[in-house]
Protein chains: 2
Amino acid sequence: MNKTYSISDLAKEFAITTRTIRFYEAEGLLCPQRNGQTRIYADHDRVSLKLILRGKRLGFSLAESKELIELYDPQSGNTRQLQTLLTKIQERRDALNEQLKDIQAMQLELNQAEQRCREASKK
Amino acid sequence: MNKTYSISDLAKEFAITTRTIRFYEAEGLLCPQRNGQTRIYADHDRVSLKLILRGKRLGFSLAESKELIELYDPQSGNTRQLQTLLTKIQERRDALNEQLKDIQAMQLELNQAEQRCREASKK
DNA sequence: ACTGACGTTTACGTTAACGTCAACTTAATA
DNA sequence: TATTAAGTTGACGTTAACGTAAACGTCAGT
């Protein structure tokens with residue numbers, strides 16, 4: 001299909017402001033095509049935005065999300081050393097596994113909190 | 001045991017600064033006992049700190065971590081409405097499940113990135 | 001030709017989460 | 001007793017991640 005999107009298209013879809021999208025570009029996380037001055041976003045820009053926002057939900061900084069985007073970049077195979085890439089991927093995976101543990105621990109404690117709560121309501 | 005800790009004990013253990021610990025107190029996330037001016041931390045303060053730091057790793061704001069601490073607070077059964085508490089607990093659980101999905105999606109994509117990377121290295 | 005919606009850049013403001021002094025008190029140690 | 005070492009409270013500085021406002025261009029519809 002190779003659809004394109006305006007800046008407000010993406011802003012609406014992801015419930016963020018256009019200011020935010022331009023800011024991400026200024027930080028080097030996006031680089032859309034231009035028609036004159038106007039930005040034109042392609043599917044891969046939309047994917048990048050998705051990655052950024054998911055990263056945010058997981059507590060990543062924009063700098064970290066930038067690295068993530070580069071991992072998915074089809075060009076990166078040419079421009080960067082593959083071994084470096086594989087290392088970064090593994091680092092990210094390890095970090096995610098740590099987060100998984102944190103989440104599981106938190107889930108456990110939420111269960112316990114609920115138990116205590118239900119006990120208390122039985123008087 | 002009912003051990004107690006100095007502010008620098010906790011700072012060392014969790015690899016944060018004393019300034020940070022005092023800041024959390026100023027924000028209402030901790031309220032240690034005092035011996036005169038000096039702060040004395042008990043086990044439950046240490047637990048609260050753990051919760052805060054885990055929250056941070058999961059991208060929670062201090063305000064959110066504060067709510068979490070209140071969930072684990074033994075007093076909360078008396079002071080707050082139990083139904084409200086149960087609702088909050090469920091909200092937190094839902095949020096964690098969303099994070100889980102994000103993590104799984106990211107893991108999947110990391111695997112794909114690794115694949116592409118290994119393909120490229122085979123030339 | 002005018003209006004209104006959408007786009008642009010530039011610049012300054014804001015909030016959260018601390019860091020960094022400074023100036024002081026108290027506790028322990030040589 | 002002098003001096004570290006560790007604690008305290010203020011006050012101001014800093015960084016990331018945007019928000020807000022000004023001042024302007026562009027184009028479709030009336």
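Labels below follow one simple rule: chain letters A, B, ... track the order of the sequence lines, proteins then strands, and each chain is numbered from 1.
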Subject >> Pair Lys88(A) + Glu67(A): basic N to acidic O under 4.0 Å >> reply: yes
Contact check, residues 45-54 of chain B vs DNA chain D, heavy-atom distance under 4.0 Å, returns none
Separation of dG7(C) atom P from Arg34(A) atom CZ, nearest Å, is 13 Å
If you restrict it to nitrogen or oxygen atoms, what contacts under 3.5 Å exist between nucleotides 15-17 of chain D and the protein, and what is each distance?
{"from": "dA17(D)", "atom 1": "OP1", "to": "Leu62(A)", "atom 2": "N", "distance (Å)": "3.0"}

Atom CD of Gln33(B) and atom P of dG7(D) are separated, to the nearest Å, by 17 Å
Find out whether Leu86(B) and Gln83(B) are in side-chain contact, i.e. whether some heavy atom of one side chain is under 4.5 Å from a heavy atom of the other.
yes
Checklist entry - Can a salt bridge be assigned to the pair Lys56(B) and Glu64(B) using a cut-off of 4.0 Å between side-chain N and carboxylate O? => result no
In whole angstroms, the gap separating C1' of dA6(D) from OH of Tyr41(B) amounts to 13 Å
Do Gln107(B) and Asn111(B) have side-chain atoms, one donor and one acceptor, less than 3.5 Å apart? no
When Glu25(B) and Lys12(B) are each assigned the nearest nucleotide of DNA chain D, the 5'-most assignment goes to Lys12(B)
Considering only NZ, NE, NH1 and NH2 on the basic side and carboxylate oxygens on the acidic side, decide whether Arg93(B) and Glu98(B) come within less than 4.0 Å.
no
Hits for side-chain contact (heavy atoms from CB on, under 4.5 Å) against Asp9(A), two or more places apart or cross-chain, chain-then-number order -> Tyr5(A), Ser6(A)
note: Asn35(B), atom CG; dT8(D), atom P; distance rounded to Å ~ 11 Å
Verify same cluster id: Tyr41(A), Leu62(A) (apolar side-chain graph, 4.5 Å): yes
inquiry  = Taking only side-chain N and O atoms of Thr18(B), does any of them lie within less than 4.0 angstrom of OP1 or OP2 on dG7(D)?
reply    = no
Taken to the nearest whole Å, CZ/Phe14(A) to P/dC18(D) is 15 Å
Would you check if there is a donor-acceptor pair between the side chains of Thr20(B) and Thr17(B) at a distance under 3.5 Å? yes
Distance col, row Gln99(B):CD vs Leu100(A):CG, nearest 0.5 angstrom, shows 10.0 Å
Here the salt bridge (charged side-chain N to carboxylate O under 4.0 Å, His left out) pairs for residues 10-26 of chain A, sequence neighbours left out, are Glu13(A)-Arg46(A), Glu25(A)-Arg34(A), Glu25(A)-Arg39(A)
The side-chain hydrogen bond (donor to acceptor under 3.5 Å, both in side chains) partners of Asp45(A) (sequence neighbours excluded) come to none
Every protein N/O within reach of nucleotides 19-29 of chain C N/O, cut-off under 3.5 Å:
{"from": "dG19(C)", "atom 1": "OP2", "to": "Thr17(B)", "atom 2": "OG1", "distance (Å)": "2.7"}
{"from": "dG19(C)", "atom 1": "OP2", "to": "Thr20(B)", "atom 2": "OG1", "distance (Å)": "2.9"}
{"from": "dG19(C)", "atom 1": "N7", "to": "Arg19(B)", "atom 2": "NE", "distance (Å)": "3.4"}
{"from": "dG19(C)", "atom 1": "O6", "to": "Arg19(B)", "atom 2": "NH2", "distance (Å)": "3.1"}
{"from": "dT20(C)", "atom 1": "O4", "to": "Arg19(B)", "atom 2": "NE", "distance (Å)": "2.9"}

Rounded to whole Å, CZ of Arg22(B) lies from P of dT8(D) at a distance of 4 Å
